[in-house]
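Structure first, then comments.
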Amino acid sequence: MYAIVEIGGHQYKVAEKDVLFVDKQNVEDSSITFDNVLLLKDSKGAVKVGTPVVKGASVTATILDTVRADKVLVFKKKRRKGYQKLNGHRQVMSQIQIESISASGSKKKAETKTAPKKEKAKTVAETKTESASVDLSSYTVAQLKKMASEKGITGYSSMKKAELIEALK
């Protein structure tokens, strides 16, 4: 069984007991769960491809250590000007070990996700009656974000205009 999971903007192919170096994970516990599973292949050979993620799938990992990667040297030079600059950079990485891959997800995550969906459904139902008489496409993104914050919609700061209009309907 393996999965392709998105961790810190990068995609990794993981299987149980794999050890990976990923971007630093800021968590208090040593256990961490990743819900952005893009592809899942179970032991029977069945492949589930997410659109964009596989619903309910999760990968549980344990943070083993926080280390620094190899040094990358950045050398700048302007010829015939006497300008040279040498900088070094070491990226902070977390060493993680994959403990389990679950197609059904974790119960704690599922419970926390179901409650906001119900609240969102209530706000969507309320806003449909109000937005039926108003054309939202004539508003600017800033005005739509302000309306979303007044309605109590979460995650509006990273939404595009079309997503904001759909969330407000």
**OP:** Working to the nearest 0.5 Å, report the span between CG of L144 and NZ of K151.
**Re:** 11.5 Å
Original post:
Would you say Q25's side chain and D23's backbone share a donor-acceptor pair under 3.5 angstrom?
Top reply: yes
Original post:
How about D135 and S137: does a side-chain donor come under 3.5 Å of a side-chain acceptor?
Top reply: yes
**OP:** State plainly whether one hydrophobic cluster holds both I4 and V47, where clusters connect Ile, Leu, Val, Met, Phe, Trp and Tyr through side-chain heavy atoms under 4.5 angstrom apart.
**Re:** yes
**OP:** Verify whether one side chain among T62 and E99 offers a donor that lies under 3.5 Å from an acceptor in the other.
**Re:** yes
Original post:
Hey, what do you get for NZ (K48) to CG (L39), rounding to the nearest 0.5 Å?
Top reply: 11.0 Å
Original post:
Who pairs with Q91 by side chain to side chain donor-acceptor pair (under 3.5 Å), at least two apart in sequence or on another chain?
Top reply: H89
**OP:** Rounded to the nearest 0.5 Å, what's the gap from CE on M159 to CD on E166? Could you check?
**Re:** 9.0 Å
Subject >> Heavy atoms of other groups near K161 NZ, more than 12 under 6.0 Å >> reply: yes
**OP:** Start with the C-alpha distance between I96 and V19, add both sets of side-chain angles, then the distance that settles side-chain contact (heavy atoms from CB on, under 4.5 Å), and finish with yes or no.
**Re:** CA-CA 6 Å; I96 63 171; V19 176; over 6 Å; no
Original post:
Between the side chain of K145 and the main-chain N/O of S158, is any donor-acceptor distance below 3.5 Å?
Top reply: no
**OP:** Quick one: pull up CD in Q97 and OG in S30 and give me the separation to the nearest 0.5 Å.
**Re:** 11.0 Å
Subject >> Which residues share a side chain to side chain donor-acceptor pair (under 3.5 Å) with T66, sequence neighbours left out >> reply: none
Original post:
Are V53 and M1 linked, directly or through other ILVMFWY residues, by side chains that come within less than 4.5 angstrom of each other?
Top reply: no
Original post:
Given the rule that I, L, V, M, F, W and Y join up when any side-chain heavy atoms are under 4.5 Å apart, are I32 and V67 in one cluster?
Top reply: no
**OP:** Mind checking the OH-CZ spacing from Y12 to F34? Nearest 0.5 Å is all I need.
**Re:** 9.0 Å
Original post:
What is the minimum heavy-atom distance between A148 and L164, and which atoms define it?
Top reply: CB-CD2, 4.2 Å
Subject >> Side-chain donor/acceptor of R90 to backbone N/O of A69, under 3.5 Å >> reply: yes
Original post:
For D65, what residues pass the side chain to side chain donor-acceptor pair (under 3.5 Å) criterion, not counting sequence neighbours?
Top reply: none
**OP:** Start with the C-alpha distance between L38 and Q11, add both sets of side-chain angles, then the distance that settles side-chain contact (heavy atoms from CB on, under 4.5 Å), and finish with yes or no.
**Re:** CA-CA 9 Å; L38 305 174; Q11 296 175 3; 3.4 Å; yes
Original post:
Do you know which two heavy atoms are closest between L168 and L136, and how far apart they sit?
Top reply: CB-CD1, 3.8 Å
Original post:
Heavy-atom distance under 4.5 Å between the side chains of K76 and Y83, does that happen here?
Top reply: yes
**OP:** Flag the pair L20 / V14 as yes when at least one side-chain heavy-atom distance between them is below 4.5 Å, and no otherwise.
**Re:** yes
Original post:
Do we get K13 above Y2's six-membered ring, with its NZ or CZ under 6.0 Å from the centre and within 45° of the axis?
Top reply: yes
**OP:** State plainly whether one hydrophobic cluster holds both I101 and V22, where clusters connect Ile, Leu, Val, Met, Phe, Trp and Tyr through side-chain heavy atoms under 4.5 angstrom apart.
**Re:** yes
Original post:
Are M93 and I7 grouped together when hydrophobic residues (ILVMFWY) are joined by side-chain heavy atoms under 4.5 angstrom apart?
Top reply: no
Original post:
Looking only at heavy atoms, what is the nearest atom pair of A103 and L40, with distance?
Top reply: CB-CD2, 3.5 Å
**OP:** Output, in order, the C-alpha distance, side-chain angles, deciding distance and verdict of side-chain contact (heavy atoms from CB on, under 4.5 Å) for Y139 and K146.
**Re:** CA-CA 11 Å; Y139 288 100; K146 185 177 178 183; over 6 Å; no
Subject >> K71 NZ to N87 CG distance, which is reported to the nearest 0.5 Å >> reply: 10.0 Å
Original post:
Going through the distances and angles, do S102 and T60 end up as a side-chain contact (heavy atoms from CB on, under 4.5 Å)?
Top reply: CA-CA 8 Å; S102 173; T60 305; over 6 Å; no
